[in-house]
Amino acid sequence: MQTFDFDLFVIGGGSGGVRAARMSAQRGARVALAEFAAMGGTCVNVGCIPKKLYSYAAHYGDSFEESHGFGWVGEKPVFDWDLLKANRAREIARLNGIYVQLLDTAGVKIIKGWARLLDEHTVEVDDKKFTAKYILISTGGTATVPAVPGREHVVTSDHMFDLKPFPKRLLVVGGGYIASEFASIFNGLGSEVTQVHRRDMLLTGFDDDVRRFIAAEMSKTGIKLQLGAEVAAIKKTDSGLQVELKGGTSLEVDTVLYATGRVANANGIGLETVGVALNAAGAVQVNDQYQTSVPSIYALGDVTARLQLTPVATGEAMVVVDQLFGPAAGKKPRNMSYEFVPTAVFTHPNIGTVGYSEADARKKFGKVTVFRADFKALKHTLSGSTERTLMKLLVEDATDRVVGLHMVGPDAGEVVQGFAVAMKAGATKAVFDSTIGIHPTVAEEFVTMRDPVKD
Ligand SMILES: Cc1cc2nc3c(=O)[nH]c(=O)nc-3n(C[C@H](O)[C@H](O)[C@H](O)COP(=O)(O)OP(=O)(O)OC[C@H]3O[C@@H](n4cnc5c(N)ncnc54)[C@H](O)[C@@H]3O)c2cc1C
């Protein structure tokens, strides 16, 4: 019988890889994990965590303004970008350490360096070879910048957390969630933000009401939104970056952020040597069990470019672990459903969403009843803010099941997480109606919407 150095060799210490390595080791497997950069991957280092910390920072700007209506008087504090950066860096370093510690405690061997496949059971890291019964590719993804003239002057989301100096004038190119979040965050921190997107609405894939509503709310906060617009060229001048838009207009900014797409990290890791198939988008192709075209090699997370979210990567990791090393004692093997995955967009205001958009619900379920509320939250009766909140429910007529729930408003992600549980459990509109609201909250609106929107 062939013997291996390890039962599992994980390439990439991000959300998915760390979870898979740690849980496999806890099931008794001999596990190694290779990571060439800081432990924790995109989410911890240049994604979810620093972004949310900066989003909190940005919200304080509004809160100071809004506090006047509640009797707080005095001068607005001054924002110190270097202090925020230093505090963030300290917290991220702490998290990096925790990830390493979790792996160590579980008995995972951490190998520092760039890993690549040599054959279906062998990985090389800096000239050292390791064999494993199974190999897991969890190398994540990277932001891409299109071939626009002057692309050498632009930055991607990776650079936004440590910009030096603070960009007084920022151009964000893109209309997805990463672009929209950074537009809101830097606007809240005090930049003059322009967001340019080539389509006529932000956030493709989200409910159209949400897309229209958030564009209006973001504009109200001072972001200059230019939809249906594209960058033609970027030139460096003595006073900043001169950006020409197709159609002839131009603007000068200090920083240009491109957040127009991400690609799977599938290059330079020996996939072609071993014959691991990629899909048309260049991501690693896997079956329902996350097995690639080479049976001993698995892949999950952003490198497979399915739903690129941290909880999805960690959920996929649990499926792989259960399958390779058995489920936890007394539990059934897990599986992963991509339906009713809740998600938030940390724009100002936030978006929270679970289930289908109205357009997709109509396609999938036929007749759908829509409930919608658009109102000024109680807080803003005194805050002076003109911010409004949108809440929307989609109900499948045939079953009365709530199949879509969308919110644009304060802490929408926090609100929607709980409703996602109800929707996974198949909650009907009748169940929503029979649920007592918590008063006075914004969230209670979801259980008090009685009158459907007329077709
Ligand atoms: C700006 C931004 C904001 C985001 N915000 C959110 C959010 O709010 N909520 C959310 O759920 N998701 C968010 N995401 C997405 C989330 O970060 C990813 O979905 C998640 O990190 C994917 O995990 P992963 O394990 O697939 O890959 P990653 O976390 O990217 O980890 C891959 C790791 O592999 C390493 N690696 C790559 N190649 C090699 C190699 N050859 N050898 C050794 N190591 C290698 C990399 O250094 C990296 O550490 C955000 C992403 C970005 C960019």
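Whatever order the structure lists them in is the order used to number ligands and atoms, beginning at 1. What you are looking at is a predicted structure, and each value in this text was computed from that prediction instead of being measured.
At a heavy-atom cutoff of 4.0 Å, ligand 1 is contacted by both the backbone and the side chain of Cys43. Under 4.0 angstrom from ligand 1, there are no non-hydrogen atoms of Asn45. Using a 4.0 Å cut-off between heavy atoms, Arg262 contacts ligand 1 through its side chain alone, with no backbone atom that close. Heavy atoms from both the backbone and the side chain of Thr42 come within less than 4.0 Å of ligand 1. Contacts of Phe161 with ligand 1, taken as heavy-atom pairs under 4.0 Å, are absent altogether.
Salt bridge absent: Arg19 and Glu316 never bring a charged side-chain N and a carboxylate O closer than 4.0 Å.
Considering CG of Leu118 and OG1 of Thr273, their distance stands at 7.5 Å, rounded to 0.5 Å. Considering OH of Tyr290 and CD of Gln323, their distance stands at 10.0 Å, rounded to 0.5 Å. Residue Ile269 holds its CD1 atom at 5.0 Å from CD1 of Ile137, rounded to the nearest 0.5 Å.
In this structure, of Arg306, Glu316, Met160, Gln308, the residue bringing a heavy atom nearest to atom 15 (C) of ligand 1 is Gln308.
In this structure, the protein non-hydrogen atom closest to atom 2 (C) of ligand 1 is Gly47 CA, 3.5 Å. Ranking protein heavy atoms by distance to atom 18 (C) of ligand 1, first place goes to Asp302 OD2, 3.2 Å. Here the heavy atom of the protein found nearest to atom 45 (C) of ligand 1 is Phe36 CD2, 3.4 Å. With respect to atom 7 (C) of ligand 1, the closest heavy atom belonging to the protein is Lys51 NZ, 3.3 Å. In terms of protein heavy atoms, atom 34 (O) of ligand 1 is closest to Gly12 CA, 3.2 Å. In terms of protein heavy-atom proximity, atom 25 (O) of ligand 1 is nearest to Gly16 N, 2.8 Å. In this structure, atom 38 (N) of ligand 1 lies nearest to the protein heavy atom Thr139 CG2, 3.3 Å. Nearest protein heavy-atom contact of atom 16 (C) of ligand 1 is Thr310 OG1, 3.5 Å.
When side chains are defined from C-beta on, Asp7 does not count as touching Arg27, because their heavy atoms never get closer than 4.5 Å. Using a 4.5 Å heavy-atom threshold, the side chains of Tyr356 and Lys363 count as separate.
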Please tabulate, for side-chain N and O atoms in residues 142-150, each donor-acceptor pair with protein atoms closer than 3.5 Å (sequence neighbours left out).
residue : atom : partner : partner atom : Å
Thr142  : OG1  : Asn265  : OD1          : 2.3
Thr144  : OG1  : Gly261  : O            : 3.3

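Side-chain N/O atoms of Tyr134 and Gln291 include no donor and acceptor closer than 3.5 Å. Defined by atom type and a distance below 3.5 Å, a donor-acceptor pair is missing between the side-chain atoms of Asp158 and Asn45.
Between Tyr60 and Phe79, the gap from one ring centroid to the other reaches at least 6.0 Å.
Residues passing the ring-ring contact (aromatic ring centres under 6.0 Å, His included) test with Tyr56: none are found, sequence neighbours excluded.
Distances below 4.0 Å separate heavy atoms of Leu309 from the following atoms of ligand 1: 10 (C), 11 (O), 12 (N), 19 (O).
Residue Gly113 places a heavy atom less than 4.0 Å from ligand 1. Distances from ligand 1 to the non-hydrogen atoms of Val312 include no value under 4.0 Å.
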